Structure formats: structure tokens, C-alpha cells
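What follows is one structure encoded as C-alpha cells, with my remarks underneath.
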Protein chains: 2
Amino acid sequence: MVDAENYGTFISMVNKQFATAVHVMTALTLENGGAGPISSSRLAESVNTNPVVIRRLLLLLQKADLVSSTKGQNGGVTLKRNASTITLEDIYLAVQTCQMISGSDRKVKKNCPVSRSMKAVMCGVATGVEDASKKYLRTIYLSDLKKKVME
Amino acid sequence: MVDAENYGTFISMVNKQFATAVHVMTALTLENGGAGPISSSRLAESVNTNPVVIRRLLLLLQKADLVSSTKGQNGGVTLKRNASTITLEDIYLAVQTCQMISGSDRKVKKNCPVSRSMKAVMCGVATGVEDASKKYLRTIYLSDLKKKVME
DNA sequence: TTTATATGTAATATACATTGTTACATATAT
DNA sequence: ATATATGTAACAATGTATATTACATATAAA
């Protein structure tokens, strides 16, 4: 049933990509320096998902130059940079699919001044939210998360 | 086709609610003080959607005490507070369905320290992003948007 | 009091992105 | 040569938001 009480109160559980990416990168931070590369299968176990989901994510992290992977026996993934130089903004930008706030894609009503202005207005708002968020994410380093996990 | 080039690059067009709410509130700001209340049908025309979509949104805005509505002939919706006292944070909080950054709902792997820590880690991150965003949204008043539209 | 018109609300259809899964090609260390 | 890892395609399953139709309810105005 959808009424005033719960309309719009669904919790969106799509877009786990950022959370998954942070998980993977944190795991690499803790395990690398240990016994070499980690396989997507082991990462998938820690995340509790399918290895292909992890591998798809890793392609994005590779494109952003955050990790590198090697094929074949004893292959797997390693961090490409030191954990104390990687921030959550780096990870966010690597896997970002869309802005946190999105405008509407509805057709503009050309005879309505408000409708005509909305795209520009929401674009500005989206940029503002994005900038504020990234500024915050930039303050958190992978090495900070490592500490948190080890506590 | 889904490959490395476009996997994760879909633009999510769900969650137009905030954009729609800003549109509606801006329209009310411009038109109120004019010829009394505005009907959901007229608002729907400006937004280019179905009146019911607008009415469902208005229920949320009413719960947040931002607008009030009257039934019957010549009925409709009016702003309940002055536009120079309403910020985009008020609107965001009224229609917010979930946090901008969400954690994963996957089951925790209890023998993995990273997996055990992730929920707390992502909760902190989500709160940080949320706070930063709200702080920004708090700086923009409906009266500012009115000016932008009238330019 | 009747009528027109507005909101309130339910039920359902539609659209679409993300995740999960299977299958297989490709590369590489041992 | 073989085992094992990544790379990639294809498709099913899931879940949320929007759109739409229909109707109940309230109220101003004739």
C-alpha cells in the first residue's frame, strides 16, 4: 500500500557500487604488502557477492589508475598507489555513475518561465552538492579506514 | 551491451522528486501573492507530468509544513511561509527518500575484519556527505531562485 | 441545495538501472 | 601442458520511481 505515510520513504538500495569499491579498496590496503595480489574471488567472498561483480568494479578502478591486475596463476589485484595518498574522492570519481542530485528529464514547458529556468537552477544546485560532497570525501584517506578496521 | 566502456555509466534518472519539489516550490513562490491558490493541475502542466504525481509530492511538503492546500472550487496550494525563510534544505528534508551515499545491504562475512567494519565505516561516510550537502543546500533560499527565474 | 471543481487515495502498469549468475575467451605463471 | 586468474558477453532477477486511471471526499459558488 502506498499512502501519505510511506510514499517516498522507500530506502533505495541500488547503487552499492561506491560502498563496494570502498570495501574492496580497504581490503586491498590491509592485505597488500602481505602475500602479493588478491583474486577477485577472495574479494568477492569478503564482500559477499559474485566475483564478476567485483571484476566489473575493478575495471573502473583500473581505469582510474588506482589498482592493477595480473592474469594467470598467482595473479590478482594490487593497489597501485600508497594508501596514504588515496582518498575517498578518488574512489568516488572512479565509480561515479551520476551526480548525487539529479535534475528532471521532463520536457520543458516553453511558455512557463519557471519551467524554462529549472534546468539551469538544478544544474547549479547539483554542482554545489557535488562539490561540497567531494570536498568532504577528499578528507578521508584509505589509510584512515585501515586504522579504523584494525581498532 | 555492457562492457568496460559503459558499465556503470548509466545516468540514473530515478529520484526526480527533489527536482520536482524545487520546481513546484519555485512556481508557488512566483505565482502566490497573485491570484490565490494554484491547483495541482496547473503545477503539473508547468512540470510536465501527471497531477497525481504533484499531489503525492504536495502531501510530503504539507507534512513538512511548507505548503497548505484547500479543497473545492478555487482551491489549490499556497506557500505557508515566506519564500525568504525557506531553504533548499527544508525542501530536501521534506522529500528525502534516502541518504545520498548508501551502504551495502549485503550480509556481513563474520570472519573478515574488513567486512565487519564496513557498515560502521560507510555509515560515517554517508553522514559526512549528508551533512556537507545539507550545509550547502541551507545557503540557498527560495527567494534566490525567484530572482534567477525573473532575470 | 445542487453543481462544479479541487484534493486525497488506492491500485496497477510501465520503464529502467543495478545486481547476480552462467558461460566462455584469453592470458600467464608454474 | 596445465591450472588458474582476469576479461567480457548475455541474460535473468530484483526493486524503485514514475505515470495513469479511477473514484471518494470536501467545499466554494451558483
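On a predicted model such as this, the values are computed, not experimentally measured, just so you know.
Comparing B:S40 and B:R106 along DNA chain C, the residue whose closest nucleotide (by nearest heavy atom) sits nearer the 5' end is B:S40.
In this structure, the CD atom of A:Q62 is 13 Å from the C1' atom of D:dT8, given to the nearest Å. Computed from coordinates, the B:K63 NZ to C:dT9 P distance equals 11 Å when rounded to whole Å. Here the P atom of nucleotide C:dG20 and the NZ atom of B:K107 are 13 Å apart, to the nearest Å. Between the C1' atom of C:dT7 and the CG atom of B:L61 lies a distance of 14 Å, rounded to the nearest Å. Counting to the nearest Å, the P atom of D:dT18 and the CG atom of B:L57 are 9 Å from each other. Here C:dT9 presents its P atom at 12 Å from CG of B:L58, a figure rounded to the nearest Å. Nucleotide D:dA17 holds its P atom 12 Å from the CG atom of B:L60, rounded to whole Å. Taking atom CG on A:L59 and atom C1' on D:dA9, their separation rounds to 13 Å, with Å as the unit.
Look at B:T97 and you'll find a side-chain N or O under 4.0 angstrom from OP1 or OP2 of D:dA17. Applying the 4.0 Å criterion to OP1 and OP2 of C:dT5, one finds that B:S39 has every side-chain N and O outside that range.
B:V108 and A:V149 fall into different hydrophobic clusters, defined by Ile, Leu, Val, Met, Phe, Trp and Tyr side-chain heavy atoms under 4.5 Å apart, directly or through other members. One hydrophobic cluster, built from ILVMFWY side chains closer than 4.5 Å, holds both A:I101 and B:L93.
Residues A:E130 and A:Y92 are in side-chain contact: their nearest non-hydrogen atoms beyond the backbone lie under 4.5 Å apart. For the pair A:L58 and A:V24, the minimum side-chain heavy-atom distance is below 4.5 Å.
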Per-nucleotide protein contact string for nucleotides 22-30 of chain D (B base, S sugar-phosphate only, - none; heavy atom under 4.0 Å): B---SBBS-
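Residue side chain A:R56 does not reach the base of D:dA9 through any donor-acceptor N/O pair under 3.5 Å, judged by distance alone.
Remark: A:N48 pairs with no residue by the side chain to side chain donor-acceptor pair (under 3.5 Å) rule, at least two apart or across chains.
Residues from residues 41-50 of chain A that place a heavy atom under 4.0 Å from any atom of DNA chain C, listed by number: A:T49, A:N50.
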